[in-house]
Amino acid sequence: MSVLFSPIQLRGLALKNRIMVAPMCQYSAVNGEANDWHFTHINNLALSGAAMFCIEATAVEAIGRITPGCLGLWNDACEAALKPIIASVRKHSKAAIAMQLAHAGRKASSHTPWDGGQLIPPADGGWQAEGPSAVPHKDGEAPPLAFDTAGLARVRDAFVAAAKRAARLDLDALEVHCAHGYLLHQFLSPIANRRTDQYGGSLQNRMRFPLEVFEAVRAAFPADRPVGLRVSATDWVEGGWDLPQTIEYVRELQALKVDWIDVSSGGVSPLQKIALGPGYQVPFAQAVRDATGVTTMAVGLITEPKQAEDIVASGKADMVALARGMLYDPRWGWHAAAELGGQVDVPPQYWRSQPSTQKALFGTTTFGTR
Ligand SMILES: Cc1cc2nc3c(=O)[nH]c(=O)nc-3n(C[C@H](O)[C@H](O)[C@H](O)COP(=O)(O)O)c2cc1C
């Protein structure tokens, strides 16, 4: 029996397997609004065989977009643009749909990766970014404006408003983006957070704003639907955010009833020295799970079905999230199920593709002609 293809319960959400399509920015929205690209991309990967698809980092306010093309959910137009896409997924897929709520903080106003990914100054069509402190991401860049109290309240309210819109869109789950050097991670990390008020300095103070945001999002989303959080477990920089602090943070999130921790790393500093390799972040997920017992997702260079199976079967994590592997093989879940003896939900239009050696792969299927 495959553990990867065994069910898991996240609050009121029952998932048939332990695979999530990780959030992946598409940099293809206009004014934060989804379009035909998102329709194709989301509907395609909602049929990957993963039990849950997580919509890309979705900005809760316009200045919180990483790039001008980032998806948003800050107004009625953004909400309306997502509606037909979600309706289509519901019609053709049984995958749960999550959304990652995000704010880029000081990493906002960047070019898309295929245009180099660097800061766009306001004079070139960018905008003034805001962050915990007036410290730029890279030496020599224009610094962000530091949030004042009113600014923090505005951002918290924007997360809440987006969570309510997500609930109205009938999304199954939310993931709060607190990783990869974006706003909430910036508050955690002493590299980006140099504040001297109650939101900076001690670990307790640096965790305060991300915890306030998580608590507010949790309260704004229906009580039976799960809210998880993605964290960077380390900055990979001496003196930065690290695993012991992550564990303390996760304990606080547990008190606020977080439903999963998606354990990633890095992103806050260009000085990071990442030890890359297959499953390189899995030990962080395992450490978080061992120390706290929280439901964890492992992510990062998980590409092989047997590798994913081993991660969940050996208790290193409860779930896996895949990003690039899913883009490369958008039926990754089907192929993994075939290899591991699992079963996937497949729409009837595709039933005839079931390999003759895999009679149980798609469950009970019928096909008749005359
Ligand atoms: C095209 C692309 C877009 C991404 N966008 C996001 C994002 O919106 N939010 C996020 O937390 N991570 C994002 N990531 C990181 C992935 O979710 C994942 O953590 C990372 O790629 C490592 O997993 P992998 O080796 O399976 O690709 C992105 C990665 C890729 C390749």
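Throughout, residue positions are numbered sequentially from 1 according to the sequence presented. In listed order, ligands and their atoms are each counted from 1. Only a predicted model underlies this, so the values are computations on that prediction, with no experimental measurement involved.
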**Prompt:** Got the closest protein heavy atom to atom 6 (C) of ligand 1, with its distance?
**Reply:** P23 O, 3.0 Å

**Message:** Closer than 4.0 angstrom, basic N to acidic O: yes or no for D259 and R218?
**Reply:** yes

**Prompt:** Is there at least one pair of N or O atoms, one from C25 and one from ligand 1, spaced under 3.5 Å apart?
**Reply:** yes

**Request:** Give yes if a backbone or side-chain nitrogen or oxygen of A323 is under 3.5 Å from a nitrogen or oxygen of ligand 1, and no if not.
**Result:** yes

**Prompt:** Salt bridge between R11 and D172, side-chain N to carboxylate O under 4.0 Å?
**Reply:** no

**Prompt:** Between E212 and Y199, is any side-chain donor less than 3.5 angstrom from a side-chain acceptor?
**Reply:** yes

**Message:** Could you check whether K306 pairs with E309 (Lys NZ or Arg NE/NH1/NH2 to Asp/Glu carboxylate O, under 4.0 Å)?
**Reply:** no

**Message:** Within the 4.0 Å heavy-atom shell around V299, which atoms of ligand 1 are there?
**Reply:** 18 (C), 19 (O), 23 (O)

**Request:** Consider ligand 1: state whether an atom of it lies below 4.0 angstrom from any non-hydrogen atom of G300.
**Result:** yes

**Request:** Could you tell me whether H177 and ligand 1 have an N or O pair separated by under 3.5 Å?
**Result:** yes

**Asked** Are any of the N or O atoms of Q100 closer than 3.5 Å to those of ligand 1?
**Response** yes

**Request:** Compute the shortest N/O to N/O distance between A321 and ligand 1 and return yes if it is under 3.5 Å, no if not.
**Result:** no

**Asked** Based purely on interatomic distance, does S264 place a nitrogen or oxygen under 3.5 Å from a nitrogen or oxygen of ligand 1?
**Response** no

**Item:** Polar proximity ligand 1 side, L301 side, N/O cut 3.5 Å exclusive
**Value:** yes

**Complete:** When distances are taken from atom 31 (C) of ligand 1, the protein heavy atom at minimum range is R324 CG, 3.4 Å

**From F209 atom CZ to L184 atom CG, the distance as rounded to the nearest 0.5 Å** = 6.5 Å

**Fill in**
Of M24, R230, Q281, the one whose closest heavy atom lies nearest atom 12 (N) of ligand 1 is R230

Which donor-acceptor pairs under 3.5 Å do side chains of residues 19-32 form with protein atoms, sequence neighbours excluded?
residue: Q26; atom: OE1; partner: W37; partner atom: NE1; Å: 2.8
residue: Q26; atom: NE2; partner: M24; partner atom: O; Å: 3.0
residue: S28; atom: OG; partner: Q26; partner atom: O; Å: 2.5

**Exceeds 12 heavy-atom contacts within 6.0 angstrom, atom CZ of R168** = yes

**Request:** Within a distance under 4.0 Å of any heavy atom of A22, pick out the atoms of ligand 1 and give their elements.
**Result:** 17 (O)

**Request:** Quick one: list whatever passes ring pair (Phe, Tyr, Trp, His ring centres under 6.0 Å) with F284, sequence neighbours left out.
**Result:** W236

**Item:** Pair D235-S269, side-chain donor/acceptor within less than 3.5 Å
**Value:** no

